[in-house]
There are 2 protein chains.
Amino acid sequence: MARAATTADTFNALAEPRRRQLVDALADGGERAVNELVHRVELPQPQVSKHLRVLREVGVVDVRDHGRQRLYRLNGRALKPIHDWVSSYERLWSERFDELDLVLDDLKRKEEGDDGGE
Amino acid sequence: MARAATTADTFNALAEPRRRQLVDALADGGERAVNELVHRVELPQPQVSKHLRVLREVGVVDVRDHGRQRLYRLNGRALKPIHDWVSSYERLWSERFDELDLVLDDLKRKEEGDDGGE
DNA sequence: TTGACATATTCCTATATAGGAATACAATGC
DNA sequence: GCATTGTATTCCTATATAGGAATATGTCAA
């Protein structure tokens with residue numbers, strides 16, 4: 001079997017650095033025409049269109065027709081699943097969670113001590 | 001050109017669902033032998049070893065020899081780049097940022113009003 | 001209609017997988 | 001040494017790209 005399709009999920013779609021660049025180019029939430037994006041990411045127009053298609057298929061961007069242009073906009077909500085997944089690991093490196101860890105360790109110790117005690 | 005190598009960066013390594021499963025199986029920060037992981041993710045042992053190799057090459061897991069076993073442990077810090085990247089978009093869906101948005105919009109409006117006014 | 005501009009699609013190819021099967025390598029116990 | 005257990009690697013194949021080039025589609029203007 002080959003690798004999962006890029007359109008399989010957001011994670012796969014964003015595994016491609018150029019697509020992340022495109023997302024970055026739309027980061028402010030504004031709309032951008034394809035040519036505008038072409039200039040920002042410095043890639044041939046067909047490639048930009050192809051990457052945008054993938055992003056569209058996983059719902060990371062939305063499109064809107066506007067005369068002869070097509071305006072793309074970031075749909076940030078689509079990134080939430082990824083954020084949720086990695087966030088559950090944030091405690092492994094963030095200092096903010098040091099105190100929480102102490103509490104959890106404490107709970108764990110108590111629970112183990114209680115084990116079968118009831 | 002084909003897709004970027006899975007070992008190119010953490011994002012590509014984790015684009016594979018099975019590898020995310022493996023990471024999840026190590027989520028508690030503890031060490032696990034390969035066979036233990038094999039049972040958890042219900043995948044043939046060679047595949048698990050191959051996926052672990054990829055994860056090791058991007059630094060998502062660490063290994064340690066222990067007799068005839070090899071103990072793998074999650075290196076959460078390696079997930080930070082991904083977290084940082086998606087987090088910068090969190091404001092696009094999180095209610096927590098609604099108020100911040102108001103402030104930023106306000107600043108923006110003022111700036112635009114000021115534009116060239118000096 | 002014709003032309004110019006904006007964007008999408010098609011065809012092609014080299015490449016990197018992921019999975020399966022078989023096997024190699026390593027450490028332990030007898 | 002030899003069998004056993006635990007893990008990694010190799011060989012094979014089908015498949016999905018990403019990029020390049022050329023071209024198709026769509027829209028506006030004169």
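Convention: sequence-line order gives letters A, B, ...; per-chain numbering from 1.
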Enquirer: Is there a donor in the side chain of A:H51 and an acceptor in the side chain of A:R19, or the other way round, less than 3.5 Å apart?
Expert: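 Yes - a donor-acceptor pair under 3.5 Å links their side chains.
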
Enquirer: Counting C-beta onward and ignoring hydrogens, is there a side-chain heavy-atom pair between A:N75 and A:V61 closer than 4.5 Å?
Expert: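 They are not in side-chain contact.
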
Enquirer: Taking only side-chain N and O atoms of B:R19, does any of them lie within less than 4.0 angstrom of OP1 or OP2 on C:dA18?
Expert: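 Yes, such a contact exists.
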
Enquirer: Please determine if B:D24 and B:R20 form a salt bridge, counting it only when a charged side-chain N lies under 4.0 Å from a carboxylate O.
Expert: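 Result for this pair is no, no salt bridge flagged.
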
Enquirer: So, under a plain 3.5 Å distance rule, would you say the side chain of B:E16 forms a donor-acceptor pair with the base of C:dA18?
Expert: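 Between C:dA18 and B:E16, which were checked side chain against base, a qualifying N/O pair under 3.5 Å is absent.
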
Enquirer: May I have the distance from A:L52 (atom CG) to C:dT9 (atom P), rounded to whole angstrom?
Expert: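 Taking CG of A:L52 and P of C:dT9, I get 11 Å after rounding.
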
Enquirer: Given D:dG19, C:dT9, C:dA27, identify the nucleotide with an atom nearest to the side chain of B:R68.
Expert: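 For the B:R68 side chain, the nearest candidate turns out to be C:dA27.
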
Enquirer: By nearest nucleotide on DNA chain C, pick out whichever of A:V34 and A:A4 is the more 5' one.
Expert: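 Final value for this comparison: A:V34.
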
Enquirer: Within less than 4.0 Å of OP1 or OP2 of D:dA8, is there a side-chain N or O belonging to B:R53?
Expert: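 Checking D:dA8 against B:R53, no side-chain N or O comes under 4.0 Å of OP1 or OP2.
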
Enquirer: Among D:dA18, C:dT7, D:dA8, which is the nearest nucleotide to the side chain of B:Y72?
Expert: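 Nearest nucleotide to the side chain: D:dA8.
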
Enquirer: Rounded to whole Å, please give me the gap between CD in B:Q45 and P in C:dG19.
Expert: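 For the pair B:Q45 CD and C:dG19 P, the rounded distance is 14 Å.
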
Enquirer: Rounded to the nearest angstrom, tell me the gap between atom CE in A:M1 and atom C1' in C:dA16.
Expert: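 That distance rounds to 16 Å.
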
Enquirer: Grab the NE2-P distance between B:H39 and D:dT7 for me, whole Å please.
Expert: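 For the pair B:H39 NE2 and D:dT7 P, the rounded distance is 11 Å.
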
Enquirer: Whole angstrom is fine here: how far is it from CD in B:Q21 over to C1' in C:dA18?
Expert: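 The answer, rounded to whole Å, is 14 Å.
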
Enquirer: Hey, are A:D62 and A:R73 close enough for a salt bridge, meaning a charged N less than 4.0 Å from a carboxylate O?
Expert: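 So A:D62 does not pair with A:R73 through a salt bridge.
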
Enquirer: Take A:A5 and A:H66, find for each the nucleotide of DNA chain D with the closest heavy atom, and name the residue whose nucleotide sits nearer the 5' end.
Expert: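 The 5'-side residue here is A:A5.
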
Enquirer: Below the 4.0 Å mark, does C:dA27 have OP1 or OP2 next to a side-chain nitrogen or oxygen of B:R70?
Expert: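 Answer no for this pair, as no side-chain N or O of B:R70 is under 4.0 Å from OP1 or OP2.
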
Enquirer: Measuring centre to centre across the rings, with the benzene-like ring taken for any Trp, is A:W93 within less than 6.0 Å of A:Y89?
Expert: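 No - the distance between ring centres of A:W93 and A:Y89 does not fall below the 6.0 Å cut-off.
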
Enquirer: Start at the 5' end of DNA chain C and walk down; is the nucleotide closest to A:Q47 or to A:R3 reached first?
Expert: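 Its nucleotide being nearer the 5' end, the pick is A:Q47.
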
Enquirer: Specify the separation, in whole Å, of atom CG of B:L43 and atom P of D:dA8.
Expert: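 The distance from CG of B:L43 to P of D:dA8 comes to 14 Å, rounded to the nearest Å.
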
Enquirer: Among D:dG6, C:dC11, D:dG26, which is the nearest nucleotide to the side chain of B:Q69?
Expert: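 When the side chain of B:Q69 is considered, D:dG6 is the closest of D:dG6, C:dC11, D:dG26.
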
Enquirer: Please confirm whether the shortest side-chain N or O distance from A:N35 to OP1 or OP2 of C:dT7 is below 4.0 Å.
Expert: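 Indeed, a polar side-chain atom of A:N35 lies that close.
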
Enquirer: Rounded off to whole Å, could you give me the CG-to-P distance for the B:L71 and D:dA8 pair?
Expert: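 Checked: the CG to P distance equals 10 Å.
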
Enquirer: Select from A:V54 and A:G67 the residue whose nearest nucleotide in DNA chain D is closer to the 5' end of that strand.
Expert: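 So the residue in question is A:V54.
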
Enquirer: What is the distance, to the nearest angstrom, from the CG atom on B:D65 to the C1' atom on D:dA8?
Expert: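 Computing the B:D65:CG to D:dA8:C1' distance gives 12 Å.
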
Enquirer: Any side-chain N or O of A:S49 below 4.0 angstrom from OP1/OP2 of C:dT7?
Expert: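 Indeed not, no polar side-chain atom of A:S49 lies that close.
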
Enquirer: The side chain of A:A2 lies closest to which of these nucleotides: D:dT7, D:dA29, D:dA14?
Expert: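 Nearest nucleotide to the side chain: D:dA14.
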
Enquirer: Should B:R53 and B:T7 count as side-chain neighbours, where that means a heavy-atom distance under 4.5 Å?
Expert: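 Of all side-chain heavy-atom pairs linking B:T7 with B:R53, none is under 4.5 Å.
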
Enquirer: Please classify the nucleic acid contact of A:P44 as base, sugar-phosphate, or nothing, using heavy-atom distances under 4.0 Å.
Expert: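 Result for A:P44 = sugar-phosphate.
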
